**Q** 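Encoded as structure tokens, here's the structure I'll be asking about.
Residue indices begin at 1 and follow the sequence shown. Note that these values count all heavy atoms, side chains included, but never hydrogens, waters or copies made by symmetry. In each ligand, atom 1 is the first atom listed, and ligand 1 is the first ligand listed. In this text, all values refer to a predicted model and were calculated from it rather than measured experimentally.
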Amino acid sequence: MNNGIVYLVGAGPGDPSLITLRGVECLKKAQVVVYDYLENEQLLGHVPEAAERIYTGKIGGRHNQDQDEINKLLVAKGREGKAVVRLMCGDPFVFGRGGEECEALRDAGIPFEVVPGVTAAVGASAYAGIPLTHRDIAVSVTFVTGQEVKDTLESRNDWGRLSLECGTVVFYMGVTNLRRNMQRMMEHGRSPDTPVALVRWATAPFQQVLVGTLADIADRAEECGLKPPAVTIVGEVVALREKLQWLDKQPLCGKKIIVTRAAEQAGEFSARLASRGATVLECPTIRLVEPLSWQLLDLAIRELSGYDWVVLTSVNAVRFFFQRLDTLGFDARALGGCRICAVGPRTTDEIRSYGIKPDLVAADYKAEGVVDEFSRLDMHNTRVLFPRADKARDVIPRELKQMGAQVDSPVAYRNVFPERLPPETLFALEKRSVDCITFTSSSTVQNLAAMLGEELMLDMLKGVAVASIGPITSKSCRELGLKVDIEPESYTLDALAEALETHFA
Ligand code: SAH
């Protein structure tokens, strides 16, 4: 039996969170993904590792020959019995070749499904603050191709209607012929004062919006060298942008920020910065791996009942500790007799996710905070387990020992650094287009220095604002010759994000 099926999935215009839930479902079960040029390759992150990825290598899909090849490829993969996702920018059926691909699949008897996407005009409208229709201003909207006007006499567009009706007109593929198309609308009776907006790379963090009129937009676009891809929105609704634009008002709009973190942790913080308008370049500087030996941690876990306290100072420590507990065949009940100390809200949440309420939460997120909390208790003759990172500072064990506790601090995980920076990050640094770099622990900055070499790092970060999560990280920055420009009062990612917003306000 052959279960081959092809899903034509609209990827949306650029912001990877604009894909539909159905689209993500399809990507998650794909065995083959055939994709065009995507503004944001993040969407491919939904695709299983083992899936075959085929880049069609063409932008826009205008060449018939290439299109035939793509049709054949989809049919062949479908015949092999594969779940195939054909990922297309925007919506598959709006100025895409989705229709032709479906015809080819139908002729070959391959089942297919079409998953709509946010088309460029709709994405541009939302992210530029230009409603395409408005009860008082425009009661219709027309999507037209701006490209067909090769032969001036034989345009298939009904220019009279486009120009005389007062509805909104959106041109796709209209940058090259911008001047001619605007001219035609004026010739056919639309007022030269009609407002026009060009929206380039709509919904991407680097979206550009250029506003003018039918009479002058072509000159303006030429002046600033505006290139495709862009949609051209023509109509009175464009004037609403002045009141309704919201994206450009975001505090981090247009800022390019490097987030140096362990790869598996960066997501949430990056998303927060992106939601405030920043372009985020993730630059993993830490990889978390198992300790060289589990021996000491295993020993402690097997004797958990002998400990009075377990101190967990980071989300990673919690994860590695509980993973190991599980591997050894135990669960949270093994902690029954111990009290738990957590540092900071994230660590607390992580511990709670294992069904455990910490007995003590250090208000100050540094090791010193933990020491402070314990100094109020009688620690004499208590036994403390402190599963830690290999490079952790020794403040906690040292101070607790001074209070009379017996402290075991086995390594639960190690921080190692990846060998190289992601190419986009390196490229942006070389182009000097980065506004800010964030460091969220000493190892992030130390590892970056190790990856680039200290001198090169200092050179590349010239003119880049340095944001550090707290005094210890800042100290490590300074030791490497960096000046810290941004440091929040409390040592949390939320506070760091807020400090960035204030800095750039
Ligand atoms: N199927 C796509 C359109 C493909 S045709 C969709 O539904 O959006 C290619 C044209 O789409 C480009 O020339 C440009 O006019 C427009 N386009 C696609 N992505 C865009 C983006 N992110 N920003 C602005 N215009 C875009």
**Q** Which residue, Lys72, Glu100, Glu101, forms the side chain to side chain donor-acceptor pair (under 3.5 Å) with Gln67?
**A** Glu101
**Q** Check the surroundings of atom NZ in Lys227: do more than 12 heavy atoms from other residues, nucleotides or ligands lie under 6.0 Å from it?
**A** no
**Q** Which atoms from ligand 1 have a heavy atom of Val94 less than 4.0 Å away?
**A** 1 (N), 2 (C), 3 (C), 6 (C), 7 (O)
**Q** Quick one: which ligand 1 atoms are inside 4.0 Å of a heavy atom on Asp91?
**A** 1 (N), 6 (C), 7 (O)
**Q** Could you pull out all residues at least two apart from Asp248 that satisfy salt bridge (charged side-chain N to carboxylate O under 4.0 Å, His left out)?
**A** Arg241
**Q** Identify the heavy atoms of Val280 and Ala274 that sit nearest to each other, and give their distance.
**A** CG2-N, 4.0 Å
**Q** How far does CZ of Phe504 sit from CD1 of Ile257, to the nearest 0.5 angstrom?
**A** 5.5 Å
**Q** In the structure I gave you, are the side-chain heavy atoms of Ser441 and Tyr491 within less than 4.5 Å of one another anywhere?
**A** no
**Q** Answer yes or no: does an N/O atom from Cys89 fall short of 3.5 Å to an N/O atom of ligand 1?
**A** yes
**Q** Any N/O of Gly90 closer than 3.5 Å to an N/O of ligand 1?
**A** no
**Q** Short N/O distance, under 3.5 Å, between Tyr172 and ligand 1?
**A** no
**Q** Can an N or O of Val118 be found at a distance shorter than 3.5 Å from an N or O of ligand 1?
**A** no
**Q** Short list, please: which atoms of ligand 1 are under 4.0 Å from a heavy atom of Trp201?
**A** 22 (N), 23 (N), 24 (C)
**Q** May I ask which of Ala230, Ala120, Ala202 has a heavy atom nearer to atom 17 (N) of ligand 1 than the others do?
**A** Ala120
**Q** Can you sort out which atoms of ligand 1 are near Val199, meaning under 4.0 Å from one of its heavy atoms?
**A** 24 (C)
**Q** Any atoms of ligand 1 less than 4.0 Å from a non-hydrogen atom of Val231? List them with their elements.
**A** 15 (O), 24 (C), 25 (N)
**Q** Please report whether the ring centroid of Phe112 lies less than 6.0 Å from that of Tyr7.
**A** no
**Q** Hey, does Gly174 come in under 3.5 Å of ligand 1, counting only N/O atoms on both sides?
**A** no
**Q** Might you point out which heavy atoms bring Arg86 and Ile70 nearest each other, and give the distance in Å?
**A** NE-CG2, 3.8 Å
**Q** Looking only at heavy atoms, is any part of Thr203 under 4.0 Å from ligand 1, and if so is it the side chain, the backbone, or both, or is it neither?
**A** neither
**Q** In terms of atom number and element, which parts of ligand 1 are under 4.0 angstrom from non-hydrogen atoms of Phe95?
**A** 3 (C), 4 (C), 5 (S)
**Q** Tell me, please, which residues at least two apart from Glu113 pass salt bridge (charged side-chain N to carboxylate O under 4.0 Å, His left out).
**A** Arg22
**Q** Closer than 4.0 Å to some heavy atom of Thr119 - which atoms of ligand 1 meet that?
**A** 6 (C), 7 (O), 8 (O)
**Q** Between Met88, Gln207, Met173, which one has a non-hydrogen atom sitting closest to atom 10 (C) of ligand 1?
**A** Met173
**Q** Atom CD1 of Ile233 and atom CZ of Phe143: how far apart are they, to the nearest 0.5 Å?
**A** 9.0 Å
**Q** Should Arg200 be counted as touching ligand 1, given the test is an N or O pair under 3.5 Å?
**A** no
